Amino acid sequence: MIFHPNHGLKPFLFLESCREAISMENGVEKRESNGNGVTLFTEEELREISGVKRGDDYVEVMCGCTSHRYGDAVARLRVFSSGELEITCDCTPGCDEDKLTPAAFEKHSGRETARKWKNNIWIIVNGDKVPVVKTPLLKYYNQSSKHANVSHRSQNGKACHHDEFLRCTECKKERRFRLRSKEECRIYHDALANVHWKCSCIPYDKVSCDDEEERASRRVYRGCSRSPTCKGCTTCVCFGCEICRFSDCSCQTCSDFTRNAKA
């Protein structure tokens, strides 16, 4: 390589910059950015983690959740630069569950002690199962959770919905419905319309009428981004949006929303 005196750099610095440029072109130093020019994860952070794949704005790793009854449910976790977490389940060859939230995957796996997904969902690190909370993979999720306290919408623009409860027509116990995605909202929407709804109708959780009802102290937590004990406010109570209203549903609520949205 010939050093040209007009490029304005000392020979050593010029050679170093050339090496870095070549490394970038060869993919040696190529890493994801979180959209702000900051590296998403360093090579050192991901070195011991199994099944790492890199995308344009995400990192995908192998994950899983263990049920004492059903064993390991294996899946793939995507960590997006926005802080969003998305899981595609591979628990069985015929499983088509994808774009699950960590909490929804935890329930889908049949984990008995649910609602602790940060500890129950594991990542393979250096050959061992390590809770995802003990890995660097949640650092952007934690940051996005802090921002959620000052806005009623998440960073991907989706409206916030607090958890709802429905009473079983047989055992008369109340069961919680999490409304974090369009799929979860549809499950609650259809359950609410079913006058004969019972515990066994819940598709993503292994609940029967013999299971205990949530304690009253636990039921007050509704998942509001402003306050977990909120009883209902403009932040967590949605009066209709594209996540909780459905164009293929003929009920009056969905029909009115679809008609007004087109107007």
Side-chain angles (χ1 to χ4, degrees), residues 58-80 82-123 129 131-133 135 137-138 140-142 144-145 148 153-166 174-192 197 199-208 211 214 218-219 221-225 228 236 238 241-246:
Y58 66 86
V59 168
E60 182 179 286
V61 301
M62 176 184 172
C63 72
C65 191
T66 302
S67 165
H68 297 296
R69 184 183 303 175
Y70 303 105
D72 290 343
V74 181
R76 288 170 286 126
L77 167 66
R78 282 190 177 184
V79 182
F80 290 89
S82 63
E84 183 180 359
L85 304 177
E86 182 179 285
I87 294 179
T88 300
C89 186
D90 293 327
C91 61
T92 60
C95 182
D96 57 357
E97 294 288 345
D98 62 352
K99 297 184 179 180
L100 295 172
T101 64
F105 170 65
E106 180 190 43
K107 292 180 180 180
H108 173 71
S109 69
R111 175 74 189 192
E112 291 81 359
T113 55
R115 302 183 186 90
K116 295 182 179 180
W117 64 264
K118 291 183 181 180
N119 291 299
N120 290 335
I121 294 178
W122 43 258
I123 309 295
K129 296 177 182 177
V132 66
V133 71
T135 72
L137 297 172
L138 295 186
Y140 296 108
Y141 172 82
N142 292 335
S144 66
S145 297
R153 290 181 179 268
S154 62
Q155 289 202 359
N156 58 14
K158 294 181 180 179
C160 172
H161 301 82
H162 70 40
D163 299 349
E164 298 287 357
F165 289 87
L166 198 59
E174 285 190 330
R175 301 302 184 190
R176 181 185 295 268
F177 284 78
R178 290 174 59 88
L179 308 182
R180 301 297 187 271
S181 65
K182 192 173 184 67
E183 291 76 15
E184 290 178 338
C185 287
R186 185 57 186 261
I187 291 171
Y188 171 70
H189 178 80
D190 292 345
L192 191 62
W197 184 87
C199 296
S200 59
C201 295
I202 299 180
Y204 55 80
D205 206 356
K206 306 298 181 182
V207 177
S208 70
D211 294 324
E214 280 192 18
R218 169 64 188 166
R219 286 202 301 272
Y221 292 91
R222 304 295 287 269
C224 175
S225 60
C236 66
C238 178
C241 71
E242 60 181 8
I243 298 177
C244 62
R245 300 290 182 264
F246 311 95

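Positions are given from 1 along the sequence. Here the structure is a predicted model, which means the values were calculated and not measured.
- The closest donor-acceptor contact from the side chain of T88 to the backbone of D98 lies at 3.5 Å or more, if one exists at all.
- A search for side-chain hydrogen bond (donor to acceptor under 3.5 Å, both in side chains) contacts involving R178 returns nothing, not counting sequence neighbours.
- At least one side-chain heavy atom of R176 sits less than 4.5 Å from a side-chain heavy atom of E214.
- The nearest pair of heavy atoms linking L137 to V79 is O-CG1, 3.6 Å.
- Looking at H162 and L179, their side chains never come closer than 4.5 Å, going by heavy atoms from C-beta outward.
- By the 4.5 Å heavy-atom criterion applied to side chains, R245 and C185 are not counted as neighbours.
- Within 6.0 Å of atom CD in E174, more than 12 heavy atoms from other residues, nucleotides or ligands are found, so the atom counts as buried in its surroundings.
- Here the closest heavy-atom approach between residue F105 and residue G64 is recorded as CE2-C, 3.9 Å.
- Across every non-hydrogen atom of L100 and C89, the tightest pair is CD1-CB, 4.4 Å.
- Here the side chains of T101 and E184 are in contact, with some heavy-atom distance below 4.5 Å.
- Taking the ring centre of F165 as origin, the terminal cationic atom of R175 falls outside the region bounded by 6.0 Å and 45° from the ring axis.
- One finds the NZ atom of K118 at 9.0 Å from the CG atom of L85 (value rounded to the nearest 0.5 Å).
- Partners of E60 under the side-chain hydrogen bond (donor to acceptor under 3.5 Å, both in side chains) rule, at least two apart in sequence or in another chain, are R78.
- The closest donor-acceptor contact from the side chain of K99 to the backbone of E86 lies at 3.5 Å or more, if one exists at all.
- Looking only at side-chain heavy atoms (C-beta outward), E84 and Y140 stay at 4.5 Å or farther from each other.
- Taking CD1 of I202 as the reference point, atom OG of S208 lies at 10.0 Å (rounded to 0.5 Å).
- Using a 4.5 Å heavy-atom threshold, the side chains of Y188 and D163 count as separate.
- Atom CD of E97 is separated from atom CG of D90 by 11.5 Å, given to the nearest 0.5 angstrom.
- Summarising the geometry, atom SG belonging to C238 is positioned 7.5 Å from atom CD1 belonging to I243; distances are rounded to the nearest 0.5 Å.
- Each of T66, I121, I123 was checked for a side chain to side chain contact (heavy atoms under 4.5 Å, CB included) with K129, and the lone residue meeting it is T66.
- Put simply, the side chain of F177 reaches to within 4.5 Å of the side chain of L166, judged on heavy atoms.
- Distance alone, capped at 3.5 Å, places no donor-acceptor pair between the N119 side chain and the K116 backbone.
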